[in-house]
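Data block below; observations after.
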Amino acid sequence: MPIEILMPALSPTMEEGTLAKWLVKEGENVAPGDVICEIETDKATMEVEAVDEGSIGKILIADGTENVAVNTVIAILLEEGESATAIGTSAVDASIAQVKPIASENIAAEVSQTAQPVAASAVAPPFTPQADPDLPEGVEMVEMSVRQALNEAMAEEMRLDENVFLMGEEVAQYQGAYKISQGLLDEFGERRVVDTPITEHGFTGIAIGAAFAGLKPIVEFMTFNFAMQAIDQIINSAAKQLYMSGGQVHAPVVFRGANGAASRVGAQHSQDFTPWYANVPGLTVIAPYSAADAKGLLKAAIKSNNPVVFLENELLYGQVFEVPKMDDFVLPIGKAKIVRPGSDVTLISYSIGMKYATEAAEKLVGEGVDVELIDLRTIRPLDVETLVNSVKKTGRCVIVEEGWPQCSVGGDISARLMELAFDYLDAPVTRVSGKDVPMPYAANLEKLALPNVDEVVAALKAVTYRT
Amino acid sequence: MVRKANVKSSKPKNTSKSAARPNVPDFSAKDELNAFSEMLLIRRFEEKAGQMYGMGLIGGFCHLYIGQEAVVTGIHMASKKGDSSITSYRDHGHMLAVGIDPNGVMAELTGRASGLSKGKGGSMHMFSTDKRFYGGNGIVGAQVSLGTGLAFAYKYRGEDNVSLTYFGDGAANQGQVYESFNMAKLWDLPVVYIIENNKYAMGTSIERSSSTTDLSQRGVSFGIPGEQVDGMDVRYVRDAASRAIEHARSGKGPYILEMLTYRYRGHSMSDPAKYRSKEEVQSMRSERDPIEQVKSRILAENHATEDDLKKIEKQVRAIVSEAADFATEAPEPDVSELWTDITA
Ligand SMILES: Cc1ncc(C[n+]2csc(CCOP(=O)(O)OP(=O)(O)O)c2C)c(N)n1
Ligand SMILES: [Mg+2]
């Protein structure tokens, strides 16, 4: 079957070029690797080699022709025994792929509900989170700090699965810089509780590699500020791995540690990285507030077969909450929690932002405003359904977060509510966030830089048109 | 004389201090007295900072330099005006050594408007372009590339300055250190890498973090010469620094000085330092203390009398208590400062 020789693309962006010169004539025999012609673009000149063996049956584009589109047939190659008369019949082997139309932008599933014309294949399948499991009748609730909850979650999962191990700076002998891994070295030994040098980029890569080979590492970053040394591995090697390998290679690593501002530790040690990680498909991002959520979700994260960024908060480590006493208390990833149902206004937050939100909600409830308080708990995948249903009910929404306002979690939720609940809104979706400045050290400035209860109260009043 | 790193030898060097000790370097009476008052200022300043932290006047992380004073003091004695320094968060001593006003440093520690960074940086983030001090860096290892970049600029502009780039034994394992070493030698940049090996990175001893513990040899595969130096003896520090700085300034490229030193206090104020024995700390303090060493030589060789030294001590205390008062009384930054200095 005669073979069509097509105008090749010299670069991913090339659309056309000049056929500068033919180096073979019609009737001439060519072997794979023989240079048959030269092609020019504004950037380069390149030689075109024959891929198949045969003789040049016909040259279709003459020397010096400009603006030859990529994939134009420039010559016909005849295989052994074929004659030039074969040309022009329908039997030409045109196996080269057609240029595909540029794929339409990937727009989130929920947007398809709006009038936008989007090809079905370009819409992400909807995410339906599971509900929290019902607690067994009469289950005992025990008081526990977030620190202890995290510690128990790791210990329980390490007991359940031999492949789970912990690595990080000061996690073993020092018992953890913030004592989250207290006692784990004693119980599980050096093989499974591994002290690393201060080499975040390296040990993160090592953990991900170990996960490729079937282990389930928990990487503790002393704080997430230092995970920036390793963020390339987290995103390029862990988050994208399953996709790039067509579903073959998993990277089930839990990256955990303290995130957000501590107290008076200055700009390089005080930052909320939630939106950074929440931006990345392939990652699961969890940022719990209560001890029960910390425990149930860290256990879920360790069991998960995905890379999970688990964002803790140093100031919450010592806070005490009630946790159900159960053998294997696991919460669903991706499910927001309606902490207090209400009908007047939706108040959304996560992690330490819940502290401000809870206090503000109490205050407004005291003034007769029925606040619905929602703790996101998981930031990616985001429980859009719960948020949208709430706002459809209340018509108003305030979102609280400690991090910076631009490209933030609050900004993203606001956009989604605009797309999915626009007709239900009775007031602008309003955000309360950290100020748009690096964290100052001075006590008075640091206080100003962080969100506070008064700001949340003011926002709630503004959207409910009260003074 | 430059002691080149032996590129061929794979044998780890003997790290014991007494074994490889070169001849005692020259150190005049004036040098001894300068070193004494310089180191004493750092010691007393840090003790005061520790007290003020305890009183709640200083917040966040505060890393004291007590025990390591001979390192910056000796290095500074060998440098010239125009040379820059850059270090980690354990930076108070470095600033005092290059002559930055103790009032400004202390007021930054208390987060006041008259602090070196207007109260916006804190203990870990202080800078002085005037004294060419580039911080005050909170991310372990980051200053190594930055210091190499300062050297790049000196070479680029044909200036004869040297970048004095300090980092810890823990930082010495970070990847960017080696990326920097390679480029520093590739381009023969005028940088002296001063590794302050105080044996611990937080609670991790160097033996537990490092496959090889002679950090002076970490430049071998890049062709960077290195020396291990008794960092508790200011004479050896100054002497080695003179060689290293001369090497860098003359266009021969980077040089590594591993300073064997020790921090007496915990890593930061919140570290109980249970990972080492009391005896270990005590023996360093009583046998190797950098200030006591100088003091006893001064007295033994009659460079000064006990009374003279007491006078110096009194002056130093006066400077430190003035700094403390200044830092306590100075106002907090104006609230409008929250929104300044974000972009130029
Ligand atoms: C990239 C990064 N990882 C971790 C930390 C937390 N941390 C701060 S200091 C330190 C130990 C550093 O030890 P070393 O380099 O020996 O310096 P030293 O404190 O002894 O002066 C660690 C792990 C950090 N600040 N930056
Ligand atoms: Mg150290």
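Quick note: numbers below take in every heavy atom, side chains included, and nothing from hydrogens, waters or symmetry partners.
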*Is it the side chain or the backbone of A:D195 that comes within 4.5 Å of chain B heavy atoms, both, or neither?*
side chain
*Look at A:G202, A:A442, A:P440 and state which one has the largest set of heavy-atom pairs under 4.5 Å with chain B.*
A:A442
*Check the pair A:K435 / A:E455 against salt bridge (charged side-chain N to carboxylate O under 4.0 Å, His left out), numbers first and verdict last.*
CA-CA 12 Å; A:K435 308 304 176 294; A:E455 286 170 350; 2.9 Å; yes
_Residue part contacting chain A, namely of B:I342, when any heavy atom lies under 4.5 Å_ = side chain
_Heavy-atom proximity to chain A below 4.5 Å, by part of B:F61_ = both
*Tell me, out of A:N225, A:D436, A:V265, who's got the most heavy-atom pairs with chain B below 4.5 Å.*
A:V265
*For the ring pair B:H92 and B:Y65, is the centre-to-centre distance below 6.0 Å?*
no
*Validate the cation-pi geometry between A:K179 and A:Y174: distance from NZ or CZ to the six-membered ring centre under 6.0 Å, angle to the ring axis within 45°.*
yes
*Side chain from CB out, backbone as N, CA, C, O: work out which of these in A:Q229 comes under 4.5 Å of a heavy atom of chain B, or both, or neither.*
side chain
*Would you please indicate if the ring centroids of A:F310 and A:F255 are separated by under 6.0 Å?*
no
_Interface moiety of B:M202 toward chain A, non-hydrogen atoms closer than 4.5 Å_ = both
*Using a cut-off of under 4.5 Å on heavy-atom pairs, state which of B:G121, B:G175, B:A142 scores highest against chain A.*
B:G121
*Examine whether an atom of A:M439 lies under 4.5 Å from a heavy atom of chain B, and if so say whether it belongs to the side chain, the backbone or both; otherwise answer neither.*
backbone
*asked:* I'd like to verify something: which residue of B:S117, B:G60, B:G115, B:S123 has the highest number of heavy-atom pairs under 4.5 Å with chain A?
replied: B:G60
*Quick one: which of B:V177, B:L338, B:V140 has the most heavy-atom pairs under 4.5 Å with chain A, could you say?*
B:L338
*Using the benzene-type ring in the case of Trp, are the ring centres of A:Y441 and B:H125 under 6.0 Å apart?*
no
*asked:* Given the ring of B:Y200, does B:R276 sit roughly above its face, with NZ or CZ under 6.0 Å from the centre of the six-membered ring and within 45° of the axis?
replied: yes
*By a 4.5 Å heavy-atom criterion (distance strictly below it), what part of A:A262 contacts chain B: side chain, backbone, both, or neither?*
neither
*asked:* If I measure from the heavy atoms of chain A, does B:R208 come under 4.5 Å with its side chain, its backbone, both, or neither?
replied: side chain
*If you measure from the Lys or Arg side-chain nitrogens to the Asp or Glu carboxylate oxygens, is any gap between B:E46 and B:R263 under 4.0 Å?*
no
*Mark yes or no for whether A:W404, through its side chain, and A:V437, through its backbone, hold a donor-acceptor pair below 3.5 Å.*
yes
*Portion of B:T110 that has a non-hydrogen atom of chain A nearer than 4.5 angstrom*: backbone
*asked:* Does this structure show an ion pair linking B:D341 with B:K118, if we count only N-O contacts that are shorter than 4.0 Å?
replied: yes
*chain A contact via B:L109 - which portion, at a heavy-atom distance below 4.5 Å*: backbone
*asked:* Heavy-atom pairs under 4.5 Å with chain A: which of B:E337, B:E332, B:K120, B:Q176 has the most?
replied: B:E332
*Evaluate whether atom CD of A:E190 has more than 12 neighbouring non-hydrogen atoms of other residues, nucleotides or ligands under 6.0 angstrom away.*
no
